Every structure is written in C-alpha cells, then in structure tokens.
Peer 1: 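I am attaching a structure below and will ask some questions about it afterwards.
Because the structure is a prediction, the values reported are computed rather than measured.
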Amino acid sequence: EMACDLVAEKACSGESVLFSYSGMVSTGAIFNWIITIPGGDQVNITGGDTLIYNLDSVGCYRASLTITDDSTSITCIDSICVDPPATASICCDGVICEDCGDIMFTLTGNAPWTIVLSNGVTIDTISGILTSPYFHEVCQPDGSSVFYTLLEVTEFGSVCPGVFPTFPQI
C-alpha cells in the first residue's frame, strides 16, 4: 500500500520550489504531476518522485501528484502561496538645510519592516518599523552633502528580499 506524503518547501517569487513524495512505491510506478498556477492554468508533468518548479508569479500554486502502479492509484495534493515582496521607496529629492532632517520611506508588505540604509560611510539597520510612511532623522553636523542609499528592505515573517527602485537614494 502506498502512503501519501507530499511536501513543498517555502519559496519567494522567482525562485524554485521542491515538491517531493517520500512514501514507498513499487518498481515501475508512474508519477504524474499537475501544477495549477495562479489564475487556474494547469501544467502536466510526468516524471519521478520529486519535481522542481519555478514560482514566477505571485499567488497560490497547487501541486497534485497521482502515483499509479500495477494495482493502486493514489493522489497527493499540496499547495504553496507566494506573497508579493515587500517594497520600499526613499523620498524625496530632499535638501537638508539644517544640521538634521527627515528621510521619508514608503513601505508595502507586512509590518514590522526592517530597512538597511547607507550614507556611503556607515550602514544603519532600522528594525521594528510599524507604519508607512516612516520618517527617519539623519544629521550632517558639518554641513557636507551626503547621499543616502536604501540597501535592503524585509517584512515580518518573510525570508524573501524586498524590492526597491534601481537607484534608491536621495
């Protein structure tokens, strides 16, 4: 008798996910995978007990594996959802006339966020951001010009990198 145990790993949009069957099957069993992609289209794949599939869209994917041998046919079903990545933008073409001023960050995704910001000399990690927009005070006591660059954004519970403009600096 075949047991059904299909396991999918977590993944980010654009990454590959491993679907695998870990039960016992008889020699000569046929593995037929059906992947339902966001929007409902289906991809049929005949192969082995593991499948690597690229999650190139945001949304939920459903993997159905039907295993057929000489006397039995079983179906295993699993799903994985890919959320949109967190986003951040740094605003604006600000000129700080005093020694200190605020940089505004607009964030999407799930709070709390963490951002990593650099002024070209130091790198600051700011964690626990709960609201968007978020204002961060920066100071240049010597009055010199400094560009601030957004290096990274992550959201609560995500291992996926966030996205931001190609040149996220002011």
Side-chain angles (χ1 to χ4, degrees), residues 1-91 104-118 123-134 136 149-169:
E1 181 177 311
M2 295 186 287
C4 198
D5 179 26
L6 181 63
V7 180
E9 297 175 0
K10 289 187 175 185
C12 303
S13 181
E15 291 184 348
S16 296
V17 65
L18 172 67
F19 292 101
S20 63
Y21 173 76
S22 60
M24 299 295 293
V25 296
S26 60
T27 303
I30 298 169
F31 296 84
N32 186 43
W33 295 87
I34 300 173
I35 305 296
T36 304
I37 61 176
D41 290 339
Q42 293 184 334
V43 178
N44 292 299
I45 303 165
T46 300
D49 61 355
T50 60
L51 173 68
I52 297 174
Y53 193 80
N54 186 40
L55 305 176
D56 56 2
S57 299
V58 170
C60 294
Y61 293 76
R62 180 175 175 236
S64 172
L65 171 62
T66 300
I67 305 168
T68 307
D69 67 8
D70 293 337
S71 62
T72 310
S73 179
I74 64 165
T75 300
C76 306
I77 298 173
D78 202 353
S79 62
I80 186 168
C81 294
V82 177
D83 292 329
T87 64
S89 61
I90 188 171
C91 183
M104 183 179 81
F105 296 90
T106 304
L107 305 154
T108 66
N110 299 306
W113 295 276
T114 298
I115 57 175
V116 179
L117 178 69
S118 174
I123 296 176
D124 293 322
T125 300
I126 306 160
S127 300
I129 301 169
L130 299 175
T131 59
S132 178
Y134 170 74
H136 178 68
T149 304
L150 181 62
L151 301 175
E152 183 180 318
V153 59
T154 55
E155 66 182 325
F156 175 75
S158 179
V159 296
C160 301
V163 294
F164 43 83
T166 306
F167 298 105
Q169 69 176 210

Peer 1: Would Phe19 and Ile45 count as a side chain to side chain contact (heavy atoms under 4.5 Å, CB included) here? Give the steps.
Peer 2: CA-CA 12 Å; Phe19 292 101; Ile45 303 165; over 6 Å; no
Peer 1: For Asn110, give me all partners under side-chain hydrogen bond (donor to acceptor under 3.5 Å, both in side chains), at least two apart in sequence or on another chain.
Peer 2: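 Result, side-chain hydrogen bond (donor to acceptor under 3.5 Å, both in side chains) vs Asn110: Glu155.
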Peer 1: Roughly how far, to the nearest 0.5 Å, is CZ of Arg62 from CG of Asp78?
Peer 2: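 Nearest 0.5 Å value for the CG-CZ distance: 10.5 Å.
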Peer 1: Looking at Val82 and Val58, what are the two nearest heavy atoms and their distance?
Peer 2: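 The answer is O-CG1, 3.2 Å.
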Peer 1: Quick one: closest heavy-atom pair of Ala86 and Val153, and the distance?
Peer 2: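 Taking Ala86 first and Val153 second, the nearest heavy atoms are O-CG1, 4.2 Å.
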Peer 1: Given Glu152, which partner from the list Ile123, Val116, Thr125 fulfils the side chain to side chain contact (heavy atoms under 4.5 Å, CB included) test?
Peer 2: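 Of all the options given, the one that passes is Val116.
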Peer 1: Tell me if a side-chain donor or acceptor on Trp33 pairs with a main-chain N or O of Gly48 at a distance below 3.5 Å.
Peer 2: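 Indeed, once roles are kept as given, a pair shorter than 3.5 Å links the two residues.
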Peer 1: What I'd like to find out is whether the side chain of Phe105 reaches to under 4.5 Å of the side chain of Leu117, using heavy atoms alone.
Peer 2: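 Side-chain contact under 4.5 Å: yes.
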Peer 1: Could you go through Ser132 and Thr106, starting from their C-alpha distance and side-chain angles, then the distance that decides it, and tell me whether this counts as side chain to side chain donor-acceptor pair (under 3.5 Å)?
Peer 2: CA-CA 5 Å; Ser132 178; Thr106 304; 5.0 Å; no
Peer 1: For the atom pair CG (Asp41) and CD1 (Ile35), what is the distance rounded to the nearest 0.5 Å?
Peer 2: 13.0 Å
Peer 1: Would you say Trp113's side chain and Ile126's backbone share a donor-acceptor pair under 3.5 angstrom?
Peer 2: no
Peer 1: Pair Leu65, Leu51 - check side chain to side chain contact (heavy atoms under 4.5 Å, CB included), show working.
Peer 2: CA-CA 10 Å; Leu65 171 62; Leu51 173 68; over 6 Å; no
Peer 1: For the residue pair Thr131 and Ile129, what are the closest heavy atoms and their distance?
Peer 2: O-CG2, 3.5 Å
Peer 1: Go through Ile115 and Leu150 one step at a time and tell me if the side chain to side chain contact (heavy atoms under 4.5 Å, CB included) criterion holds.
Peer 2: CA-CA 7 Å; Ile115 57 175; Leu150 181 62; 4.0 Å; yes
Peer 1: Check Ala111 against Phe156 and note the closest heavy-atom contact, atom names and distance.
Peer 2: O-CB, 3.4 Å
Peer 1: State, without any angle test, whether Thr87 and Thr108 hold a side-chain donor-acceptor pair at a distance under 3.5 Å.
Peer 2: yes
Peer 1: Considering non-hydrogen atoms only, spot the tightest contact between Ser57 and Pro38 and give its length.
Peer 2: CB-CG, 4.3 Å
Peer 1: Is there a side chain to side chain contact (heavy atoms under 4.5 Å, CB included) between Ile37 and Tyr53? Walk through the geometry before answering.
Peer 2: CA-CA 11 Å; Ile37 61 176; Tyr53 193 80; 3.4 Å; yes
Peer 1: Is the closest side-chain heavy-atom distance between Ser64 and Thr36 below 4.5 Å?
Peer 2: no
